[in-house]
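Note sheet for the following structure.
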Amino acid sequence: MKPALAFRQPHSPASWLELPNGELIVAEINQLLAPWWPKFFGYHLLKIGALSSFVDSQRCPIKHHVALLEHQKVAQSQNVPVYAEIDDLPFLEHSVDVCVLSHALEFSLDPHHVIREANRALIPNGYLVLSGYNPFSLAGLNSFIPFRRQHSPWSERFFSAMRVKDWLHLMGYEILMDERCLHSTLATNISQGFIARHCRKFAQRFFPSFGSIYVIVAKKRVLPLTPIKPKWKLRTQLNPVNVSTLNSSRQQNKCK
């Protein structure tokens, strides 16, 4: 397995419009996450990356939504913008209730470090939401086509949902949702015809693992540490007991 660290700086898009069928992708992500937003609670929701900032989270009861951006050219309306590097978050440890990483791992230099930074800022029992391209899908095959792999996003490195979940398991996360969607190459406009729609429904039903986009919702589990007393404190203390000896009983007999 190749290391996750990239050997060149990936080209990070500033909006979904820069990706093929980007608007359709973010619409599918919003549809899968719609039942989950009311389940999140807390004080701060952090969207890491430009693409994450466009994910619709209006149904979330958390009031303070922060979008961490690397470029100031990204327009924001519903989120509070913060400009910094996604692999060096300017937030305290355990200060964020929900982190969103939508298609951020593919366009980062060290995706494993990006997840570790999100884990550092996330509170215990907080939620981590991730999405990305599935390399084991029709969209993943574009990386092997010569005239397509020269263009973004097919020129970048895709990570499978299984590998991302393995990273999360090592950090103690519980996977609550793992869904796939959009069984298509995503390189050209997706047909909305009768046959094309039924083919996608057939693939979604019988081959769900080969969807071109994966969406994961994970919960950070932190077990409380119970202090263990040293063994010398657990031993019972021995106290002397007054027991009559043989000499004392003889003296009592003589007195009688």
Side-chain angles (χ1 to χ4, degrees), residues 1-4 6 10 13 16-37 39 49 51-52 54-56 100-108 111-112 114-115 127-170 173-219:
M1 184 179 295
K2 295 181 180 180
W16 291 97
L17 296 177
E18 298 183 14
L19 298 177
N21 294 288
E23 292 183 333
L24 182 60
I25 294 174
V26 69
E28 289 290 330
I29 293 174
N30 289 333
Q31 183 177 356
L32 290 175
L33 293 178
W36 286 93
W37 292 121
K39 301 178 182 180
L51 298 181
S52 302
F54 293 98
V55 175
D56 187 8
V100 181
L101 277 168
S102 185
H103 284 62
L105 303 182
E106 295 90 340
F107 305 102
S108 60
H112 198 187
V114 172
I115 293 183
Y127 294 90
L128 183 61
V129 180
L130 302 103
S131 68
Y133 288 102
N134 182 14
F136 305 112
S137 64
L138 294 175
L141 294 177
N142 293 319
S143 300
F144 300 95
I145 301 177
F147 64 90
R148 286 182 180 172
R149 64 184 180 185
Q150 304 297 329
H151 305 282
S152 181
W154 323 122
S155 58
E156 309 301 342
R157 178 89 179 276
F158 295 167
F159 301 94
S160 65
M162 187 63 66
R163 187 171 185 182
V164 174
K165 289 191 295 183
D166 185 49
W167 294 344
L168 297 177
H169 283 307
L170 291 175
Y173 280 82
E174 177 187 359
I175 307 300
L176 302 180
M177 185 191 76
D178 178 17
E179 295 288 342
R180 310 288 193 280
C181 61
L182 291 177
H183 289 69
S184 172
T185 62
L186 298 178
T188 58
N189 293 331
I190 298 179
S191 175
Q192 300 298 329
F194 178 81
I195 297 178
R197 285 188 289 106
H198 278 271
C199 288
R200 289 195 294 270
K201 290 181 180 180
F202 178 84
Q204 181 69 33
R205 181 178 180 182
F206 294 100
F207 305 100
S209 300
F210 295 98
S212 298
I213 304 297
Y214 68 82
V215 181
I216 297 174
V217 177
K219 189 172 185 179

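Because the structure is a prediction, the values reported are computed rather than measured.
At a threshold of 4.5 Å between non-hydrogen side-chain atoms, the residues Asp166 and Val164 do not count as touching. For the pair Trp36/Leu176, a side-chain contact is recorded, criterion being any heavy-atom separation below 4.5 Å from C-beta on. Contact check for Met162 versus Phe136: no side-chain heavy atoms found under the 4.5 Å cut-off. In this structure, the side chains of Ile115 and Leu130 come closer than 4.5 Å at one or more pairs of heavy atoms. Contact of the Glu106 side chain with the Tyr133 side chain is registered, since non-hydrogen atoms from C-beta on lie closer than 4.5 Å. Residues Leu168 and Ile216 meet the side-chain proximity criterion, which asks for heavy atoms closer than 4.5 Å. Annotation: side chain of Ile175 is in contact with side chain of His169 (closest heavy-atom distance under 4.5 Å). Using a 4.5 Å heavy-atom cutoff, the side chains of Trp154 and Pro20 are in contact.
Note that OG of Ser137 and CG of Leu186 are 7.5 Å apart. Values are rounded to the nearest 0.5 Å. Here Leu105 contributes atom CG and Glu156 contributes atom CD; the two are 12.5 Å apart, rounded to the nearest 0.5 Å. A distance of 8.5 Å separates CD of Glu18 from CG of Leu51, quoted to the nearest 0.5 Å. How far CD of Glu28 is from CG of Leu33: 11.0 Å, rounded to the nearest 0.5 Å. Separating the OH atom in Tyr214 from the SG atom in Cys181 is a distance of 11.5 Å, to the nearest 0.5 Å. Note that CH2 of Trp16 is 10.5 Å distant from CG of Leu24, once rounded to the nearest 0.5 Å.
Pairing each heavy atom of Pro13 with each of Leu19, the nearest pair is CG-CD2, 4.1 Å. Of all the heavy atoms in Phe107 and Ser152, the pair that sits closest is CE2-OG, 3.9 Å. Closest non-hydrogen pair, Asp56 versus Trp37, comes out as O-NE1, 3.0 Å. Between Met177 and Val215, the closest heavy-atom pair is CE-CG1, 3.5 Å. Nearest heavy atom pair, residue Pro208 against residue Arg205, reads CD-O, 4.0 Å.
For the side chain to side chain contact (heavy atoms under 4.5 Å, CB included) test, residues two or more places apart in sequence or in another chain that qualify with Ala34 are Arg59.
Looking only at atom types and distance, the side chain of Ser102 has a donor-acceptor partner in the side chain of Ser131 under 3.5 Å away.
Other residues, nucleotides and ligands contribute only 12 or fewer heavy atoms inside 6.0 Å of the CD atom of Glu23.
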Walk me through it: do Ser184 and Leu138 pass the test side-chain contact (heavy atoms from CB on, under 4.5 Å)? CA-CA 6 Å; Ser184 172; Leu138 294 175; 5.5 Å; no

Could you walk me through whether Ile213 and Arg180 satisfy the side-chain contact (heavy atoms from CB on, under 4.5 Å) test, starting with their C-alpha distance in whole Å, then the side-chain angles of each, then the deciding distance to 0.1 Å, before giving a yes or no? CA-CA 5 Å; Ile213 304 297; Arg180 310 288 193 280; over 6 Å; no

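For the pair Asn134 (side chain) and Ala139 (backbone), a donor-acceptor distance under 3.5 Å is absent. Between the side chain of Asn142 and the backbone N or O of Thr185 there is at least one donor-acceptor pair closer than 3.5 Å.
Proximity of the aromatic rings of Phe159 and Trp167 is defined here by a centroid distance below 6.0 angstrom, and this criterion is met.
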